[in-house]
J.: 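Can you read through this structure? Questions will come right after.
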Amino acid sequence: MKKGHFMIPSINPFAPDFKDKAYELYEILRTDDPVHYTTQVPFSNPTWIITRYDDAISLLKDKRLLKKTPVTFIEEQFSEDSLQSDWANLFNHMLNTDPPDHSRLRSLVQKAFTPRMVENLRPRIQDIANQLLDQVVKNNQMDLIQDYAFPLPIIVISEILGIPIEDRSQFRHWSNAIIYAFNRPDRRKQIIPEIVNFNHYLKELVAKRQQHLQDDLISALIQSSINSDKLSESEIYPMIFLLIIAGHETTVNLIGNGLFSLLQHPDQCEKLRNYPYYIDTAIEEFLRYMSPVEFATNRWAAEEIHLHGKTIAKNDLVLISLASANRDPTQFPHPNHLDITRQKNEHIAFGKGIHFCLGAPLARLEGQIAIQTLLQRIPQFELSVDRDQLEWQATFLMRGFKSIPIRF
Ligand code: HEM
């Protein structure tokens, strides 16, 4: 497919080779078909893919696009009664909610998830990064994802929430299984037991905290109130679930993609090693250059929307590519160039509008500590396999590798 072609065939963001080709495809779409119609998304037909920065910003703020699923999407996907109710319980969280419910839920959770709470975590995140590296540095090889980027955020979020240490491996298993199924709608039925057990576990944990409040986020969510309005029990489980799901794989990918980008750009790696104070702009550049979240989550048209000569019909699904918007040359000079000192970097890797990422300060802190600590402790490192052998995670929403083996 070349730029300037009139008809652009339907793009399939689920195709196994999509991630490798995506940036090339986005370039073509941004120029020739910025509101791209596709029939290839298995759970929704029709779907529109949005690729330009300006359109992404305006649609992320557009009240005509709703998060609430319009049709009986969930019922179509899961006919089993038990799964339906457990699934509905867990997924009825604020990222799937529209105002006014969204505004209420967001204010209540924001009261518990404060910037000060995040900043206080700095020394503990530093300890976790050092401990993870202690376990592997002597081997002169490690897997950047499995040994480092993956465990770090799950330990951090478990500690913030107050998940007991003895439950963490089980907890990690559930959260992985659910993330995987979320990205593979055709495989969702396989995780019925995981969903049911996870829901059950969360209910027991919240009940224990209600009896004995502690210094953790679950207790803070239980206590959070605004003018005597509180989160109900049935709102707390999905909120915990959202914090785990939204806060884990995303941060894994920030750390993994950031380190991978440095491996691919030794000059930038050297610069960051020699001038560690570039870490703030470097993190923003990693988020832009290789965005951890490829597409914003599902948004459905509540009414007809006309854009660039196309008509998005009521109930159509709109997928906004954050990865593409973040490489749009109208917003970012030399967008395919990694520059850890880039100024005026108004990327939308954390979204925009009312659903803007609640965990952005935490994600930035984890990313900074993880990447800087690794650069300090491992003076030289290189990929120990060919680039072509790296496998993408099997998810359409996210961008990140399953494994990045290095030697040093
Ligand atoms: C929402 C990205 C880390 C919690 C979002 C959205 C994006 C995003 C793009 C908006 C999705 C949409 O509008 O469809 C990221 C990235 C992260 C990250 C790139 C890491 C680099 C975290 C962390 C947490 C978190 C660490 C918390 C522990 C949330 C929550 C929402 C959200 C609760 C929903 C906000 C709402 O609906 O109002 N995130 N996220 N995220 N994120 Fe993050």
J.: Does the side chain of F286 come within less than 4.5 Å of I340's, by heavy atoms?
T.: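 Counting from C-beta outward, I340 and F286 do come under 4.5 Å.
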J.: Near K344 NZ, under 6.0 Å, is it more than 12 heavy atoms from other residues, nucleotides or ligands?
T.: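 Check fails, neighbour count at 12 or below.
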J.: If the threshold is 4.0 Å, N to carboxylate O, is there a salt bridge linking D134 and R377?
T.: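 Between R377 and D134 there is a salt bridge, with a charged N closer than 4.0 Å to a carboxylate O.
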J.: Below 4.5 Å, heavy atoms only, C-beta onward: do L133 and M142 meet side chain to side chain?
T.: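 Sidechains of M142 and L133: in contact.
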J.: State, with a plain yes or no, whether a side-chain heavy atom of R106 is found less than 4.5 Å away from one of L358.
T.: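 Sidechains of L358 and R106: in contact.
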J.: One pair to check against side-chain contact (heavy atoms from CB on, under 4.5 Å): L375 and F381. What are the steps and the verdict?
T.: CA-CA 9 Å; L375 291 184; F381 58 98; 3.8 Å; yes
J.: Please determine if K310 and D33 form a salt bridge, counting it only when a charged side-chain N lies under 4.0 Å from a carboxylate O.
T.: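 Yes, K310 and D33 are salt-bridged.
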J.: Within the side chain of D386, is there an N or O that forms a donor-acceptor pair under 3.5 Å with the backbone of Q389?
T.: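 Side chain of D386 to backbone of Q389: no pair is present.
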J.: Do you see a donor-acceptor pair shorter than 3.5 Å between the side chains of S321 and Y26?
T.: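 On atom types as modelled, these side chains qualify, holding a pair under 3.5 Å.
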J.: Relative to each other, are the rings of F350 and H347 parallel, tilted or perpendicular (30° and 60° limits)?
T.: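 Geometry flag for H347 against F350: tilted rings.
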J.: Determine whether more than 12 heavy atoms belonging to other residues, nucleotides or ligands lie under 6.0 Å from atom CZ of F356.
T.: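 It does: F356 CZ has more than 12 such atoms within range.
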J.: Looking at D62 and R299, is any side-chain nitrogen of the basic one under 4.0 Å from a carboxylate oxygen of the acidic one?
T.: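 No, this pair does not count.
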J.: Test side-chain hydrogen bond (donor to acceptor under 3.5 Å, both in side chains) on Q393 and N253; report intermediate values, then the result.
T.: CA-CA 10 Å; Q393 288 159 16; N253 293 342; 2.9 Å; yes
J.: If you take all heavy atoms of L390 and I404, which pair is closest and at what distance?
T.: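 Where L390 meets I404 most closely, the heavy atoms are CD2-CA, 4.2 Å.
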J.: Between E119 and R116, does any side-chain N to carboxylate O distance fall below 4.0 Å?
T.: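 Looking at E119 and R116, the cut-off is not met.
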J.: What I want to find out is whether E382 reaches R407 closely enough, with some N-O distance under 4.0 Å, to be called a salt bridge.
T.: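 Result for this pair is yes, salt bridge flagged.
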J.: Assess whether atom CD of E24 is packed by more than 12 heavy atoms of other residues, nucleotides or ligands within 6.0 Å.
T.: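 Open.
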J.: Are more than 12 heavy atoms from other residues, nucleotides or ligands located less than 6.0 Å from atom CG of D215?
T.: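 Open: at most 12 neighbouring heavy atoms sit under 6.0 Å from CG of D215.
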J.: Can any side-chain N or O of R273 pair as donor or acceptor with the backbone N or O of P379 at less than 3.5 Å?
T.: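 Judged by distance alone, yes, a pair lies under 3.5 Å.
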J.: Check K19 with E294, please: is the shortest side-chain N to carboxylate O separation under 4.0 Å?
T.: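 Salt bridge: yes.
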J.: Any donor and acceptor pair, going by atom type alone, linking the side chain of S219 with main-chain N or O of Q214 inside 3.5 Å?
T.: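 Here the side-chain-to-backbone pair exists.
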J.: Using ring-ring contact (aromatic ring centres under 6.0 Å, His included), reason through F150 and H248 one step at a time and then give a plain yes or no.
T.: CA-CA 8 Å; F150 190 90; H248 184 221; 4.6 Å; yes
J.: Determine, step by step, whether K67 and T97 satisfy the side-chain hydrogen bond (donor to acceptor under 3.5 Å, both in side chains) criterion, reporting the C-alpha distance in whole Å, the side-chain angles of both residues, the deciding distance to 0.1 Å, and the verdict.
T.: CA-CA 6 Å; K67 299 292 309 176; T97 317; over 6 Å; no
J.: Could you pull out all residues at least two apart from D229 that satisfy side-chain contact (heavy atoms from CB on, under 4.5 Å)?
T.: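 Listed in chain order: R104, L108.
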J.: State whether the number of non-hydrogen atoms from other residues, nucleotides or ligands found under 6.0 Å of H306 atom NE2 is greater than 12.
T.: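 Counting neighbours around NE2 of H306, more than 12 heavy atoms of other residues, nucleotides or ligands fall under 6.0 Å, so yes.
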J.: Are R52 and D54 ion-paired here, with the side-chain N under 4.0 Å from a carboxylate O?
T.: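 No, no charged N to carboxylate O under 4.0 Å.
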J.: Decide yes or no on side-chain hydrogen bond (donor to acceptor under 3.5 Å, both in side chains) for Q126 and T373, but give the supporting numbers first.
T.: CA-CA 8 Å; Q126 185 63 65; T373 307; 3.0 Å; yes
J.: Just wondering, do Y289 and N326 contact through their side chains at under 4.5 Å, heavy atoms?
T.: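 No, side chains not in contact.
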J.: Side chains of E285 and T341: closer than 4.5 Å at any heavy-atom pair?
T.: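 SC-SC contact between E285 and T341 ruled out.
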J.: Regarding R30 and S324, do their side chains bring together a donor and an acceptor under 3.5 Å, going by distance alone?
T.: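 Note: R30 and S324 side chains meet the donor-acceptor criterion.
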J.: Quick one: closest heavy-atom pair of I255 and G367, and the distance?
T.: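 Residues I255 and G367, closest heavy atoms: CG1-CA, 4.3 Å.
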J.: Considering only heavy atoms from C-beta outward, does the side chain of N336 approach that of Y23 to under 4.5 Å?
T.: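 Counting from C-beta outward, N336 and Y23 never come under 4.5 Å.
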J.: With sequence neighbours left out, what residues match S107 under side-chain contact (heavy atoms from CB on, under 4.5 Å)?
T.: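 Once residues adjacent in sequence are excluded, the partners of S107 under the side-chain contact (heavy atoms from CB on, under 4.5 Å) criterion are I226.
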J.: At their closest point, which heavy atom of I236 faces which heavy atom of V206, and how far apart are they?
T.: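 Shortest heavy-atom separation between I236 and V206 comes out as CG2-CG2, 3.9 Å.
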J.: Dump the intermediate steps for side-chain contact (heavy atoms from CB on, under 4.5 Å) on L365 and R122, then the final yes or no.
T.: CA-CA 7 Å; L365 184 65; R122 186 179 283 277; 3.3 Å; yes
J.: Taking the side chain from T251 and the backbone from A363, do they hold a donor-acceptor pair closer than 3.5 Å?
T.: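 Not a single qualifying donor-acceptor pair exists.
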J.: Is there a side-chain contact between L262 and I371 in this structure, where contact means two heavy atoms from C-beta onward sitting under 4.5 Å apart?
T.: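 A side-chain contact exists here, since the closest heavy-atom pair is under 4.5 Å.
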J.: Take E346 and Y53 through the side-chain contact (heavy atoms from CB on, under 4.5 Å) test and state the conclusion after the steps.
T.: CA-CA 10 Å; E346 289 175 20; Y53 182 87; 3.7 Å; yes
J.: Does the pair K314 and E304 meet the rule for a salt bridge (charged side-chain N to carboxylate O under 4.0 Å, His left out), with working shown?
T.: CA-CA 5 Å; K314 183 173 175 184; E304 252 185 26; over 6 Å; no
J.: Just checking, any donor-acceptor pair under 3.5 angstrom between side chains of W300 and D316?
T.: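 On atom types as modelled, these side chains do not qualify, holding no pair under 3.5 Å.
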J.: Any side-chain heavy atom of F198 within less than 4.5 Å of one from K203?
T.: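 SC-SC contact between F198 and K203 ruled out.
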J.: Excluding sequence neighbours, so at least two apart, what forms side-chain contact (heavy atoms from CB on, under 4.5 Å) with S158?
T.: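 Per chain and number, S158 pairs via side-chain contact (heavy atoms from CB on, under 4.5 Å) with I154, I163, R168, F171.
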J.: Determine the minimum heavy-atom distance between P13 and L319, stating which atoms define it.
T.: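 Heavy-atom minimum between the residues: CG-CD1, 4.5 Å.
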J.: Answer yes when E159 and R124 have at least one side-chain N-carboxylate O distance shorter than 4.0 Å, and no when they do not.
T.: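 Between R124 and E159 there is a salt bridge, with a charged N closer than 4.0 Å to a carboxylate O.
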J.: So if I apply the ring-ring contact (aromatic ring centres under 6.0 Å, His included) rule between W392 and each of F18, F401, F14, which one comes out positive?
T.: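 The ring-ring contact (aromatic ring centres under 6.0 Å, His included) with W392 is passed solely by F401 among F18, F401, F14.
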J.: Is the NZ or CZ atom of R342 positioned over F332's six-membered ring, under 6.0 angstrom from the centre and within 45° of the axis?
T.: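 No cation-pi geometry.
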J.: Counting N and O atoms only, with roles assigned by atom type, does the side chain of Q372 sit under 3.5 Å from a partner on the main chain of P276, one being a donor and the other an acceptor?
T.: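 Flag set: sc Q372 to bb P276 pair under 3.5 Å.
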J.: Report the C-alpha distance between H308 and D55 in whole Å, list the side-chain angles of each, state the deciding distance to 0.1 Å, and finish with yes or no for side-chain hydrogen bond (donor to acceptor under 3.5 Å, both in side chains).
T.: CA-CA 10 Å; H308 301 307; D55 294 338; 2.8 Å; yes
J.: Verify side-chain contact (heavy atoms from CB on, under 4.5 Å) between L217 and M117, making sure each step is shown before the conclusion.
T.: CA-CA 9 Å; L217 185 60; M117 185 272 268; 4.2 Å; yes
J.: What are the two closest non-hydrogen atoms of E366 and L152, and how far apart are they?
T.: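 That would be OE1-CD2, 3.6 Å.
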J.: Give the ring-plane orientation class for Y201 versus W174, where under 30° counts as parallel, over 60° as perpendicular and anything between as tilted.
T.: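 Y201 vs W174 ring planes: tilted.
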J.: Without swapping roles, check the side chain of H36 against the backbone of I11 for a donor-acceptor pair under 3.5 Å.
T.: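 Yes, the answer is positive, given that a donor and an acceptor are paired below the 3.5 Å cut-off.
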J.: Start with the C-alpha gap between D280 and R364, add the side-chain angles, then the distance that decides, and say whether salt bridge (charged side-chain N to carboxylate O under 4.0 Å, His left out) holds.
T.: CA-CA 8 Å; D280 289 343; R364 288 183 162 121; over 6 Å; no
J.: Over all heavy atoms of both residues, which pair between S261 and M290 is shortest? Give the atoms and the distance, please.
T.: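 Closest approach of S261 to M290, heavy atoms only: OG-SD, 3.8 Å.
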